[in-house]
Each structure stands twice: as structure tokens, then as C-alpha cells.
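First up is the structure itself, then whatever we jot down about it.
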Amino acid sequence: MTQTTNYPVPESFKDSWMSEEKYQELYRYSLENPEAFWGSKAERYLDWYRPWDSVYEGDFKKCEVSWFKGGKLNASFNCIDRHLENRADQVAIIWEGDTPDLQRKITYQEIHDEVCKLANGLKAQGVNKGDRVCIYMPMVPEAVYAMLACARIGAVHSVVFGGFSPHSLRDRILDCGCRAVITADEGVRGGKHIPLKQNTDEALKECPDVTTVVVYERTGAEIEWREGRDISYKALTTSQSSICEPEVMESEDPLFILYTSGSTGKPKGVLHSTAGYLLYTTVTFHYVFDYHEGDIYWCGADVGWITGHSYIVYGPLSNGATMVMHEGVPFWPDAARIWEIVDRHQVNILYTAPTAIRALMAKGDEYVKRTSRASLKILGTVGEPINPEAWQWYYRSVGEERCPIIDSWWQTETGGMMITPLPGATALKPGFATLPFLGIRPAILDHDGNEIVGPGQGSLVITGSWPSQIRTVYGNHQRIVDTYFSQHPGYYFTGDGARRDENGYYQITGRMDDVINVAGHRLGTAEIESALVLHEAIAEAAVVGVPHRVKGESVYAFITPMDGVEITDDLKQELSNLVASEIGSFARPEILHPCPALPKTRSGKIMRRILRKLAQGERDNLGDLSTLADPTVIKHLLDQA
Ligand code: WTA
């Protein structure tokens with residue numbers, strides 16, 4: 001295998017949890033005996049109030065699955081209480097604020113006490129098991145407490161990333177019927193203040209069912225106060241007891257909902273259940289980061305995304321890990337911040353996104369070289385394809401050829417890492433996410449939906465269930481069946497394309513549907529289009545993703561104005577602002593391309609294939625145009641490109 005994978009497992013990983021031989025053997029075993037495999041992991045890695053009756057039951061084709069049926073457990077107990085006997089005083093969270101002078105260290109005992117107080121406070125506000133609670137918080141430990149407090153009382157959290165606009169927040173609150181919101185006065189990122197409470201007030205104008213808003217005071221900014229509805233985090237928690245018995249939950253009880261963009265329609269509420277999700281994130285964290293007692297781990301994601309849920313909160317805490325949590329951004333106060341944090345806290349394992357790596361790479365090596373980084377052992381990446389150049393920079397300049405690059409592929413819907421190297425078991429190949437995790441059998445399908453055997457390229461699908469698979473789209477089970485299980489009956493359809501080499505290594509080639517990935521933020525082109533056409537001057541819009549040097553992809557929007565309207569720079573600015581206010585600033589189009597009409601098929605379907613090519617500057621090779629309803633449209637587009 002080392003012939004094509006020029007980066008063999010380093011000697012220093014000889015004693016890691018998994019060797020190449022052990023992986024091969026366990027992988028085979030996990031596919032042949034999934035129930036025995038996952039059953040033994042569940043016994044070993046989680047604490048249960050009651051064991052399960054069956055490991056797996058269900059109908060994968062209909063996405064009706066249950067893992068560990070009959071079992072009872074609590075996720076917050078597993079993330080906190082079970083560690084108290086041996087590691088009550090161990091630091092769980094090392095928090096770095098937006099500026100380096102802000103530091104907090106929080107032990108497992110402290111997390112326990114804070115989570116219990118908040119859980120009791122929420123109960124006092126009438127939040128019960130099964131209720132949905134929206135969390136719209138900056139990257140502060142209280143965001144983690146909020147998630148775990150919900151899990152403790154059996155409430156279902158729905159975290160909304162702090163970069164989302166009031167409209168997006170409103171839609172998410174309404175869709176799953178939240179009755180409480182936990183937020184902060186303001187968030188702080190890169191010196192900028194984000195008016196979270198003001199955004200919440202705006203969103204709640206149309207959410208009459210929200211009766212409680214808990215406000216954590218991060219900056220002390222002046223905010224409006226709605227008596228009877230708003231309560232400060234401090235007032236809610238100070239007088240509460242630091243003991244709160246965890247609610248006994250069934251394995252399949254929902255743990256959380258997280259909204260994510262799909263190729264059509266509004267973002268969907270991906271629902272994960274308790275036992276399977278917790279088990280899978282716990283086991284993957286342990287093996288993929290080769291986590292050993294005492295290691296300092298840092299995931300640079302935001303808790304508002306799935307990476308934050310699985311690998312800031314549930315995976316690390318369930319393993320009793322010590323982790324860094326950073327409030328700010330990689331460039332603040334300057335581009336050495338990440339490496340300074342690594343040195344200050346002696347970080348051993350770093351998990352970040354290609355967009356951050358590329359942006360830091362663009363700043364040159366000077367900032368990196370200022371720091372030692374000698375503590376680093378493993379460098380992880382997630383969220384989008386990592387180009388070999390960025391991979392090499394991460395490997396050579398950051399890790400000084402000592403640290404394996406763990407390019408892990410997964411999705412909100414998969415709950416945890418699916419295709420990923422393991423530090424002690426997998427020789428690396430830049431740009432390749434390499435091999436499936438234990439228990440996961442990916443396949444690549446050709447155009448006709450047949451499995452490709454051996455090397456090849458096509459649609460990436462997953463064969464058979466795994467514990468942390470999506471359970472449903474909140475309130476719309478049919479949507480999950482239509483989106484993920486109907487394209488290729490019998491398979492989970494990922495929406496990604498992939499290539500497999502002669503060693504069975506997978507390279508993810510990117511989305512094959514209308515989902516785009518801008519700086520690691522997942523967006524549906526349809527959401528951006530809907531925002532643009534809200535403007536009275538715009539008749540129609542079509543959005544495609546185009547490659548971007550740093551962000552991976554950027555938003556390119558073709559816009560058709562209403563008759564007689566001229567698209568001026570001012571109008572473009574208005575449209576960009578509209579997208580920011582409807583979705584969030586990160587969704588702003590990079591380019592707005594006016595055109596008198598969009599290319600459509602005779603049945604009226606927008607031909608995105610053509611638009612994608614035009615957006616990338618291709619003029620000559622637009623492919624088959626025979627289904628185009630009106631060929632003059634292309635001529636106009638070419639004239640204006
Ligand atoms: C992309 C993030 C290539 C992919 C965890 C997927 C990746 C989407 C990788 C899910 C990777 C994630 N290599 N592409 N290592 N990891 N992706 O739901 O297109 O925010 O479908 O989950 O990100 O994005 P999501």
C-alpha cells in the first residue's frame with residue numbers, strides 16, 4: 001500500500017489504539033457481525049441505566065431504524081457524571097476568549113454543577129422532557145452547558161449558529177416549535193460584536209409560543225428586556241441546586257435537532273437520537289483522534305454546526321477529554337493566533353477546516369514559524385475537500401512532517417466521521433479521506449445506479465445503517481426518504497461524489513447536488529435564490545457554487561431583473577444585504593451576474609450545468625444544449641459574461 005500512499009504511519013504511532021492489521025481485522029469483523037461489534041462497543045463506551053434488548057432493528061430503506069432498543073441512558077450523565085469519580089478536578093474546557101487576555105478553565109465538577117443549575121432553572125421555567133429548546137449562543141462554555149442541560153432533562157436542543165440572521169433563527173424556532181431560547185446579550189468574534197439578543201427579539205416577533213428567553217451576559221451591552229419572558233442566565237441559575245437527577249431516556253429518544261441545508265426547499269431539521277449518536281461520536285473520537293488520557297484536544301468549529309456538536313461537545317466529553325474552546329477567529333488579533341493557542345495550552349490534537357488552513361497558508365509561513373507547535377501530534381480537517389496543496393502545507397509547515405493529517409469525511413446527517421484515516425493504522429495520501437471507519441460500508445454507484453467494483457468514480461452512498469445515522473427530518477419523515485433513500489433504493493445517498501483508487505482509498509470530489517460549501521458553511525442554492533427573488537426588482541435567480549481559492553466555493557448568482565429594471569451597483573448592494581438579512585452574512589453572493597433570462601429546458605427546469613460552466617468562465621464547452629428551450633438565452637449570457 002505504501003507505493004501510492006507516500007506517507008506511511010509514523011513510528012511514533014506504534015502504540016496507538018489501532019494498527020493497520022488490527023483495523024483490517026476489526027473492520028472485517030464489524031461488517032460481518034455488526035450487532036456483536038456495536039453491542040460490545042456500547043457496553044464498553046457508554047454507561048446505561050438499563051441494557052438494550054436488541055442492538056439493531058429496522059428497515060434501512062425507509063429510514064426506520066432503531067439502535068439499542070430497550071436501553072436506557074442519559075447523554076449528559078455519560079458526558080459528565082460518570083467522570084466525576086476519577087476526574088472531577090480535571091480540566092474539561094480550556095476557554096480562550098476573543099482576545100488572548102480572556103481565559104477560563106473549567107473542570108468536570110464545575111461543568112456538572114453549572115449544567116445541573118441550568119437544568120433546574122429550565123425546569124423551573126416549565127421546560128419538560130421532549131420540549132424543544134433553541135440555543136443561539138456565542139462560543140462560550142455556557143453554550144456547552146446549555147446543550148448538556150437540555151440533554152439532562154430530556155429536552156431536545158436545536159442549536160442555531162450565531163452567524164444566522166433573525167429570519168433564519170425565526171424559521172428554525174417555528175419549524176420545530178421551540179418554547180424556550182437560550183442566547184447571550186452579544187457574541188464577540190474578531191473584535192466585532194454580534195447582537196444576538198437583538199436578533200432574537202427580532203426573530204421572536206413572529207414566534208408567539210416562545211415563553212422563556214434566557215440571556216447570558218457576555219459583554220454587558222445594553223439590550224431590550226421583555227418582562228415576563230426574558231430572564232438573565234445568572235438570575236435563572238444562581239439560586240438553583242447543583243444537583244439535578246438526569247432524566248432516564250430511551251435509546252431512541254431524540255437528543256437534538258440541527259438544521260442543515262439541502263438541495264431543495266428550506267433547511268431541514270436533522271434529528272439525531274440519544275444512544276446511537278452518543279456511541280458513534282464517542283467511539284470515533286477515541287479512535288480517530290487516538291485520544292489518550294492527558295491529551296489536549298482542540299476543535300476549531302462552532303457549536304452551531306454538527307462538527308461542534310459531535311466533536312466539541314458529545315465526543316470529547318463522553319471520553320472525559322480536556323479540550324480547548326475558542327471564542328474568536330483564526331486571524332484575531334493576527335494570523336498567529338491559532339499557533340499561539342496551540343503553544344499556550346500545549347495542544348496535541350487540532351481539528352479544523354480546509355478553509356481556515358488555506359486562509360492561514362495565504363498569510364505565509366512567518367506566523368507559523370513564530371511558534372513552536374512541538375506539542376502537536378495529530379492534525380485533523382473536515383468540512384470540505386482539502387486540496388493537496390493545503391494538505392502539504394498543513395503537513396509540512398504546521399506539523400513539520402510529524403503529524404498525520406486526518407482528513408475526515410462526514411455530514412450532519414451521518415452524525416460522526418465516516419471515511420477517515422486512523423493515525424496508527426492508515427498510510428496517507430494527500431486529498432484522500434482514505435478508508436471507512438469501523439462498521440461503515442461505503443459504495444460508489446455509476447450512472448445507472450450499479451455499484452462500481454474496484455477503482456472508479458461516481459456517487460458516494462452508504463450501504464446499511466450505522467448507529468448515528470439521521471433518524472428523521474423533524475416533522476417530515478417523507479422528506480428524508482425522498483432526499484436520501486429514494487435515489488438509489490437500499491442505499492443512503494450522500495449527495496457527494498467520490499473516487500476510489502486501487503487501494504480502496506476514497507477521495508471526495510464534492511457535492512453532486514445543489515448544495516454548496518462556502519468556507520465550510522453548508523448552503524442550499526435554493527435558499528439563496530429565494531432570498532434574492534424577495535426583492536421586487538428581481539424576477540428570477542439561479543445560484544451556483546464556483547471554486548474559490550480560500551473559501552473552497554463561493555456564491556455566484558445569476559439574476560434576471562423585472563422588465564425595465566436596470567441592475568445598478570446600488571441594487572447589487574441591496575441584494576447582497578437582503579441575502580445577509582434572510583440567511584446570514586456568510587451567504588452573500590461573491591458575484592451577481594445580471595441576465596435577461598435563465599437557460600431552461602422545455603419543461604422549465606433551469607439548466608444549472610450550463611450556468612456552472614459559465615460561472616467558471618467556460619464559454620466554448622457548454623455541453624449538450626439540445627434540450628434548451630430558447631437558444632438565444634445562451635447568446636445573451638455569453639455576451640454579458
Ligand atoms: C463536505 C460537516 C470532502 C461534503 C461535517 C459533505 C467534505 C458536506 C469533508 C457535509 C471532507 C465534509 N472532504 N468533503 N473531509 N467533510 N465534507 O453537513 O460535501 O456541514 O457532504 O457536515 O461537507 O457538510 P455538513
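Start at 1 and go down the list; that is how both ligands and their atoms are numbered.
The aromatic rings of H157 and Y314 lie parallel to each other, with less than 30° between the two planes, well short of the 60° mark. By the 30° and 60° cut-offs, the orientation of the rings of Y297 relative to F289 is tilted. Ring geometry for W410 versus Y311: interplanar angle over 60°, hence perpendicular rather than tilted (30 to 60°).
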Exercise for review: Any chance you could lay out the ring pair (Phe, Tyr, Trp, His ring centres under 6.0 Å) test for W17 and Y23, step after step, and finish with the verdict?
Suggested key: CA-CA 10 Å; W17 297 127; Y23 165 76; over 10 Å; no
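Around the CD atom of E389, the shell of radius 6.0 Å holds no more than 12 heavy atoms that belong to other residues, nucleotides or ligands.
Salt bridge R471/E252: present, at least one basic N to carboxylate O contact under 4.0 Å.
Contact residues for ligand 1 (protein heavy atom closer than 4.0 angstrom to any ligand atom): I306, T307, V382, G383, E384, P385, D407, S408, W409, W410, Q411, T412, D496, I508, R511, N517, R522.
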